[in-house]
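These figures come from a predicted structure and were not determined experimentally. The basis for the numbers below is simple: all heavy atoms, side chains too, and nothing from hydrogens, waters or symmetry mates.
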Amino acid sequence: MARVNRASSLLALLAVAACSRTPAPAGEPGAAKPDADPAPVASGNAPPPPTPAGATDCSTPSGLTCWRFDTPEAAFKHVLATDPLILAIGEAHAQKGSEKLASSTKRFMDSLLPIVAPKASDIVVELWIPDPTCKKETVRAVASAQKPVVEAQAETNQNEYVTLGVKAKAAGVTPWPLRPTCDELATVADAGADAVITMLGYVKKLTQDKVVQLVNRNRADAAAGKTMVVAYNGALHNDLMPSAQMKDYSFGPELERFAGGRYTELDIIVPEYVKKNPSWERLAWYPAFEADRAASKDTTKTTLYLVGDKSYTLVFPASPPSEKPH
């Protein structure tokens, strides 16, 4: 019973989170895995950093450091100025009913990927591609275990992750999906009520192992030129300061140590996805976001919250009325 309760609790907490999708067998819908848990705000009495050139300060005395930029591209360039060896991007996936909105993935592909492409050698995308030799019943069981999460997701999510890989390759960045072994898939399939929890652990492991492999390859090839590796996951796995409940599913602390401090966490958020409910309210930047929304601040700007050292949340400008659901 404890396991069932733990899985149910995770599903409730992760209702707004991003997900990994495992292509289901032919004739069945794709499945998804939830993510996302907030990174706590770093403590300390260090003075706030200076406002970046071209940005305006939107901080409050009791809130996070906050800047507004004219464009997402300008905010993203400020994040890249941290010179990461590993850039870990987390997102919240589109939910059903929001299909008209440009998703976080689409906005990253269209606006931000061209900026990071000259610096990044590879991008590891949270898209599960099982070994084709795995038993079909095992793949079906994993897909079935994820249905409680994927049913709330927009059906376009999986295709957008595939498109991200295609566009990254065209931009000169080698894409890498996650490739669980048949034994790993079987472990998820056999986990019963703990299937989602088990898969969260494998997403962390597979992403972390691949990123380490790619960074080590780049270090060994000084002539390669591009040294940055991008991880594109849900907003749980990249946390630098994961909560106690989610620490087993975030590769942030380990990869930050591996990179010698050259690790940057960036969550990217479509503002219309944010709802006034416990799943969003527990995020460190939510109070400042909600205060802005209540005050009807300029929604044409991009807001960048400094959640912790080298830990950022980028909130895109409001979507045009033509994209918003009616």
Just verifying a value: how many Å separate [X] [atom1] and [Y] [atom2], rounded to the nearest 0.5 Å?
X      : Y      : atom1 : atom2 : value
Met199 : Ile197 : CE    : CD1   : 13.5 Å
Ile86  : Glu256 : CD1   : CD    : 9.5 Å
Thr71  : Lys301 : OG1   : NZ    : 9.5 Å
Thr105 : Asn159 : OG1   : CG    : 11.5 Å
Leu266 : Leu314 : CG    : CG    : 6.0 Å
Thr302 : Ile269 : OG1   : CD1   : 13.0 Å

Do Arg219 and Phe258 meet the cation-pi criteria used here (NZ or CZ under 6.0 Å from the six-membered ring centre, within 45° of the axis)?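 Checked: cation-pi criterion met.
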Does one side chain, of [X] or [Y], offer a donor that lies under 3.5 Å from an acceptor on the other?
X      : Y      : result
Asp131 : Thr133 : yes
Trp67  : Asp57  : no
Arg107 : Ser319 : yes
Arg68  : Thr303 : yes
Glu126 : Thr207 : no
Lys205 : Gln208 : no
Thr264 : Thr82  : yes
Asn218 : Thr227 : no

Please find out if less than 6.0 Å separates the ring center of Phe69 from that of Phe76. no
Are Tyr232 and Phe108 close enough that their ring centers fall under 6.0 Å?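 For Tyr232 and Phe108, the ring centres are under 6.0 Å apart.
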Side-chain contact test, heavy atoms from C-beta onward, threshold under 4.5 Å: evaluate it for [X] versus [Y] and give yes or no.
X      : Y      : value
Glu265 : Lys310 : no
Pro84  : Tyr263 : no
Val203 : Leu178 : yes
His237 : Ser250 : no
Thr65  : Pro49  : yes
Leu306 : Leu64  : no
Leu304 : Cys66  : no
Val270 : Ser103 : no

Please report the C-alpha distance between Ile268 and Ile89 in whole Å, then the side-chain angles of each, then the deciding distance to 0.1 Å, and finally whether the side-chain contact (heavy atoms from CB on, under 4.5 Å) criterion is met. CA-CA 7 Å; Ile268 54 177; Ile89 297 177; 3.9 Å; yes
Within the distance-only criterion (no hydrogens, no angle test), does the side chain of [X] pair as donor or acceptor with the backbone N or O of [Y] below 3.5 angstrom?
X      : Y      : answer
Lys276 : Glu281 : no
Arg179 : Pro130 : no
Trp280 : Tyr273 : yes
Ser144 : Arg140 : no
Lys226 : Gly172 : yes
Asp239 : Met241 : no
Thr138 : Cys134 : no

Would you name the heavy atoms of [X] and [Y] that are closest together and state the gap between them?
X      : Y      : result
Pro271 : Arg293 : O-NH1, 4.0 Å
Ala92  : Ser104 : O-OG, 3.8 Å
Ile115 : Pro118 : O-CD, 3.3 Å
Val116 : Leu87  : CG2-CD2, 4.1 Å
Leu113 : Met109 : CB-O, 3.6 Å
Ala102 : Lys106 : CB-CD, 4.3 Å

Contacts of type side chain to side chain contact (heavy atoms under 4.5 Å, CB included), residue Pro180, not counting sequence neighbours: Trp128, Glu184, Leu185, Leu206
Between Phe289 and Tyr286, what is the ring plane arrangement, given parallel below 30°, perpendicular above 60°, and tilted in between? tilted
Take Phe251 and Asp209 through the side-chain contact (heavy atoms from CB on, under 4.5 Å) test and state the conclusion after the steps. CA-CA 10 Å; Phe251 49 68; Asp209 288 352; over 6 Å; no
Quick test of your reading: applying disulfide (SG to SG under 2.5 Å), list the pairs with at least one residue in residues 213-269, sequence neighbours left out, ordered by first then second residue. none
Under the side-chain contact (heavy atoms from CB on, under 4.5 Å) rule, what do Val315 and Thr313 come out as? Steps first, then yes or no, please. CA-CA 6 Å; Val315 180; Thr313 295; 4.3 Å; yes
Using a strict threshold of under 4.0 Å (side-chain N to carboxylate O), is an ion pair present between Lys204 and Asp248?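 So Asp248 does not pair with Lys204 through a salt bridge.
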Charged N to carboxylate O under 4.0 angstrom, Asp122 versus Arg217? yes
Given side-chain contact (heavy atoms from CB on, under 4.5 Å), test Asp267 with Glu91 step by step and report yes or no. CA-CA 6 Å; Asp267 291 340; Glu91 67 158 35; over 6 Å; no
How about Lys210: does its NZ atom have over 12 heavy atoms from other parts shown lying under 6.0 Å from it? yes
Same hydrophobic cluster for Val125 and Ile129, using side-chain heavy-atom links shorter than 4.5 Å among ILVMFWY? yes
